[in-house]
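Report on the following structure.
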Amino acid sequence: SLDDVFQLLPQSYAHGKGLSVSLQYRPICDLAGRLRSVLVIATDHTDEVTALRQGEERERKASMVLRVAGNRNMFVHFYISAARYVTDLDAALADGLPLAQLKRDLHTLKGHASIFHLQEFASAVHRLEDAMEGVKSVHDARRQVAAAAPKLQELLGDIRKDVQSVLGETFDQTGSM
C-alpha cells in the first residue's frame, strides 16, 4: 500500500539552520483513484524539540542537585579531588605516573562522576579513557591528556556553577560539614 511506501521515505529533514522538521506524505489521486502526485507536508518542530531538550536538561540538573545535596561531604571530596587530578594530570605523567595507573584512575573518576549524575563529565572522561586504550608511550598519553584537559576543566567549571546554588559559593574551599 502507499502507506507502507510512505513509511520507507524520510520522516524528518536535517535542516542546515538547525531546525527540526518532520515530513508527512499524502497521496493526491484522480477521480479514478490513480496516484497523480504526492503532497509533502513539512512541519517545523524546532520549538517543541528545544523545549523538550531544555526540560531534559532541567531534569538532569535537578537529579544532580538532589544527589549532591544528599551526599554533600562525598561530593565535595569528589569535586576537589577531580579538579586537582585534572589540573595535575600532565605533570603526573611527566613525573612517571604509570599508564596502567592512569587508566585505572580515569575509570574511577568516571564512576565517581556517574554517582552524582554528572553524565557530561563522565562521558568526557570516558572519551579520554577510550583514547588511552591504544596508547603505549607517556608522550602519546600526554598528547591525549592535553587534548582532553580543556574540556574537562570547562565541565568542572560548569559543575561548580550548578552546585554553588545548593552548597554555597565556596563549597570547594570550606570542605566537609
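Numbers here are sequence positions counted from 1.
When the shell of 6.0 Å around CD of E57 is examined, it contains more than 12 heavy atoms from other residues, nucleotides or ligands. Within a 6.0 Å radius of NE2 in H107, no more than 12 heavy atoms belonging to other residues, nucleotides or ligands are found. The local environment of CZ in R36 is crowded, with over 12 non-hydrogen atoms from other residues, nucleotides or ligands closer than 6.0 Å.
M74 is listed as a side-chain neighbour of I115, based on a closest heavy-atom distance under 4.5 Å. The closest side-chain heavy-atom distance from Y25 to L2 is not below 4.5 Å. Proximity of V145 to M132: side-chain heavy atoms (C-beta onward) are separated by under 4.5 Å at one or more points. The shortest side-chain heavy-atom distance between L152 and L89 does not fall under the 4.5 Å cut-off. Using a 4.5 Å cut-off on side-chain heavy atoms (C-beta onward), V86 and L156 make contact. Using a 4.5 Å heavy-atom cutoff, the side chains of V21 and H45 are not in contact. Annotation: side chain of P27 is in contact with side chain of F6 (closest heavy-atom distance under 4.5 Å). Between L167 and V76, the closest side-chain pair of non-hydrogen atoms falls below 4.5 Å.
To the nearest 0.5 Å, atom OG of residue S123 and atom CG of residue L128 are 12.5 Å apart. Rounding to the nearest 0.5 Å places CG of L39 at 8.0 Å from CZ of R26. The distance from the OH atom of Y13 to the CG atom of D44 is 12.0 Å, given to the nearest 0.5 Å. Atoms CD and OG1, on E48 and T43 in that order, are 9.5 Å from each other to the nearest 0.5 Å. Remark: L102 CG to L97 CG distance equals 5.5 Å, nearest 0.5 Å. Rounding to the nearest 0.5 angstrom, the gap separating the CD atom in E169 from the NZ atom in K161 is 11.5 Å.
Judged by distance alone, the side chain of R142 and the main-chain N or O of A91 form no donor-acceptor pair under 3.5 Å.
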Going through the checks in order, is the side-chain contact (heavy atoms from CB on, under 4.5 Å) test met by M64 and E120?
-> CA-CA 11 Å; M64 182 264 307; E120 195 173 355; over 6 Å; no
Take R143 and H139, measure what side-chain contact (heavy atoms from CB on, under 4.5 Å) needs, and give me the verdict at the end.
-> CA-CA 6 Å; R143 193 172 63 238; H139 175 74; 3.7 Å; yes
side-chain contact (heavy atoms from CB on, under 4.5 Å) between V163 and Y79: does it pass, once the steps are laid out?
-> CA-CA 10 Å; V163 170; Y79 182 85; over 6 Å; no
Kindly determine whether Q101 and D105 satisfy side chain to side chain donor-acceptor pair (under 3.5 Å), including the steps that lead there.
-> CA-CA 6 Å; Q101 182 63 47; D105 291 347; 2.6 Å; yes
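For D88 and R84, the salt-bridge test fails: no basic side-chain N is under 4.0 Å from an acidic carboxylate O. Salt bridge status for R53 with E56: absent, with no side-chain N to carboxylate O gap under 4.0 Å. At a threshold of 4.0 Å, the pair K110-E129 counts as salt-bridged, since one of the basic side-chain nitrogens sits closer than that to a carboxylate oxygen.
Taking all atoms of both residues into account, the shortest heavy-atom contact from L109 to A82 is CD1-CB, 3.6 Å. The minimum heavy-atom distance linking V135 with A141 is given by the pair CG1-N, 3.5 Å. In terms of heavy-atom proximity, L93 sits nearest to V138 at O-CG1, 3.6 Å. Minimum heavy-atom separation, Q119 to S114: NE2-O, 3.9 Å. Summarising the geometry of H117 relative to R67, their closest heavy-atom pair is NE2-NH2, 3.0 Å, with the distance given to 0.1 Å. Nearest heavy-atom pair across S20 and T46 is N-OG1, 2.8 Å.
Side-chain contact, Q144 with D140: no donor N or O sits under 3.5 Å from an acceptor N or O. A side-chain N or O of Q153 and one of T87 form a donor-acceptor pair less than 3.5 Å apart. A side-chain donor-acceptor contact under 3.5 Å links H126 and D130.
Both I80 and F78 are part of a single hydrophobic cluster, where members link through side-chain heavy atoms under 4.5 Å apart. The cluster map of Ile, Leu, Val, Met, Phe, Trp and Tyr, joined by side-chain heavy atoms under 4.5 Å apart, puts L19 and L52 in different clusters. L23 and V38 end up in the same hydrophobic cluster when Ile, Leu, Val, Met, Phe, Trp and Tyr side chains are linked at under 4.5 Å.
In this pair, F116 and F75 present their aromatic rings perpendicular. The plane angle is above 60°, beyond the 30 to 60° band.
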